[in-house]
Chemist: 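Here it is: the structure, laid out below.
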Amino acid sequence: MKRALRVKVMKDEIIKILKEKNDYVSGEEIGNILGVSRAAVWKNISALKKKGYNIISVNNKGYKIVDDTDVLNVDEIKYDRLLFKEEVESTNEEGKRQAVKENCDRLLVTCNYQSKGKGRIGRSWVAEKNRGVYMSFVLKPDIMPQEISQITLVAGIAVMKAINSLTGLKTKIKWPNDIIINGKKLVGILSEMSAEMEKINYVVVGIGINVNEDEFEGELKEKATSIYIETKRRFKRSDVINSVAEEFNLCYDKFLEKGFSAFVEEYNESCANVGMRVKTVGGREEIKGRAMGVNEKGELVIDDEGEMKTVIGGEVSLRLENNKYI
Ligand code: BTN
């Protein structure tokens, strides 16, 4: 066995022993089970702690895993074309670097920790260690640049469906592609592309999911939520990634075959804004009126006193007319 693999197997085995015992286990006992010295056990436990595992050590008692810290393990992610990194600044940025390479269509970039996540409209996407999911799909679709925003809407449907069937939650979409529940944001999606006049070089669809965060600080307190906060259950982040990746690929296949028109009904049924009085934020002009749903091009149609106006997702955000998020 190669050394790197041996070290990894040893760490996995230590975690297994600690989880199974669910109590203090001495370094000697772990060493005996694995056939290594107490010093080797100590060294591996120190590395596991650095990785984020919450292991406490007490003299004369040994080691104990305090909570079931969910450190992402690459082997648990079931995806053919996968790039997993322990830590990246942004999976979207990493995706864009990969996008220039051959054979990167549908590459999934994900990580245990994202230190400089990007949000829509120049905002940042904050990450807490071992809590959230950060994943980006690199795509090379043969469509026109103006159709890109439709992929982002399709991604929203896919993520919503995956989360609802995994967790039992009844999340909805806030146009264009925030996934929300109880008026708070659970998922954000940021698509970035490189294109010429009539040709797309690549699209990177980045998805940030709040999974096991216990609470949010500051201004996020009012706006953000997590799967844990909503269900009071811990979900393994690898399960979330696997479900989203599977649903995303099904929806993306359907999109490439049938176009966005095949999603209009489903999108509008899942869109929390439909029928509400809204206003656009961040565009060239503010549009106010009643949200009617998206059309076959993926534009949001707003009824401004009888005049039907349309807006595209990449350009603006949406607020309720009274300024509330939803
Ligand atoms: C938003 O502002 O709602 C979009 C947030 C998108 C965050 C995700 S996390 C994975 C990917 N990498 C990034 O840097 N951003 C996206």
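Here the structure is a predicted model, which is why all the values come from computation and not from measurement. Every number for a ligand or one of its atoms is a count from 1 in the order of the listing. Only heavy atoms go into these numbers, but all of them, side chains included; no hydrogens, no water, no symmetry mates.
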Chemist: Without hydrogens or angle criteria, can the side chains of N212 and R237 be said to hold a donor-acceptor pair below 3.5 Å?
Modeler: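 Not at all, the side chains of N212 and R237 share no donor-acceptor pair under 3.5 Å.
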Chemist: What residue pairs, at least two apart or across chains, pass salt bridge (Lys or Arg N to Asp or Glu O under 4.0 Å) with a residue in residues 260-271?
Modeler: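 Pairs touching residues 260-271 that pass the test: K161-E266.
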Chemist: I need the atoms of ligand 1 closer than 4.0 Å to a non-hydrogen atom of D178, numbered in the order shown.
Modeler: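 The list of qualifying atoms is 3 (O).
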Chemist: Do Q114 and ligand 1 have an N or O pair less than 3.5 Å apart?
Modeler: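 Right, the criterion is met.
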Chemist: Any N/O of T91 closer than 3.5 Å to an N/O of ligand 1?
Modeler: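 Yes - when backbone and side-chain N and O of T91 are compared with those of ligand 1, one distance drops under 3.5 Å.
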Chemist: Give yes if a backbone or side-chain nitrogen or oxygen of K116 is under 3.5 Å from a nitrogen or oxygen of ligand 1, and no if not.
Modeler: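 Checking ligand 1 against K116, no N or O pair falls under 3.5 Å apart.
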Chemist: Below 4.0 angstrom, N of the basic side chain to O of the carboxylate: do E93 and K96 qualify?
Modeler: yes
Chemist: Among all protein heavy atoms, pick out the one at the shortest distance from atom 8 (C) of ligand 1; state its residue, atom name and that distance to 0.1 Å.
Modeler: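 The closest one turns out to be G208 N, 3.5 Å.
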Chemist: Nearest 0.5 Å please: distance from the NZ atom of K254 over to the CZ atom of F263.
Modeler: 5.0 Å
Chemist: Looking at G117, which atoms of ligand 1 are within less than 4.0 Å of one of its heavy atoms?
Modeler: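 Matching atoms, with element in brackets: 14 (O).
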Chemist: Starting from atom 2 (O) of ligand 1, which protein heavy atom do you reach first, and at what distance in Å?
Modeler: R120 N, 2.6 Å
Chemist: Please determine, by modelled atom types, if S194 and N201 share a side-chain donor-acceptor pair under 3.5 angstrom.
Modeler: yes
Chemist: Only heavy atoms of S90, strictly under 4.0 Å: list the atoms of ligand 1 that pass.
Modeler: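 By the 4.0 Å cutoff, the relevant atoms are 12 (N), 13 (C), 14 (O).
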Chemist: Quick one: are K49 and Y63 in side-chain contact, heavy atoms under 4.5 Å?
Modeler: no
Chemist: Mark up the atoms of ligand 1 that fall under 4.0 Å of a heavy atom belonging to S136, in ascending order.
Modeler: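 It comes down to these atoms of ligand 1: 11 (C).
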Chemist: Salt bridge check, R81 against D105: does any charged N sit closer than 4.0 Å to a carboxylate O?
Modeler: no
Chemist: Is it the side chain (CB and beyond), the backbone, both or neither of K185 that lies under 4.0 Å from ligand 1, heavy atoms counted?
Modeler: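 Near ligand 1, K185 shows its side chain, while the N, CA, C and O stay back.
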Chemist: In the protein, which heavy atom is nearest to atom 5 (C) of ligand 1, and how far is it?
Modeler: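 Atom 5 (C) of ligand 1 sits closest to the protein heavy atom W125 CE3, 3.4 Å.
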Chemist: So, N103 versus K101: side-chain donor-acceptor pair below 3.5 Å or not?
Modeler: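 The criterion, which ignores hydrogens and geometry beyond distance, is not satisfied for K101 and N103.
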Chemist: I want to confirm something. Looking only at heavy atoms, which of K174, E89, K118 is nearest to atom 15 (N) of ligand 1?
Modeler: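 Nearest heavy atom to atom 15 (N) of ligand 1 lies in K118.
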Chemist: Do E286 and K288 make a side-chain contact, defined as non-hydrogen atoms from C-beta onward lying under 4.5 Å apart?
Modeler: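 Of all side-chain heavy-atom pairs linking K288 with E286, at least one is under 4.5 Å.
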Chemist: Using a heavy-atom cut-off of under 4.0 Å, does the side chain or the backbone of I207 touch ligand 1, or both, or neither?
Modeler: backbone
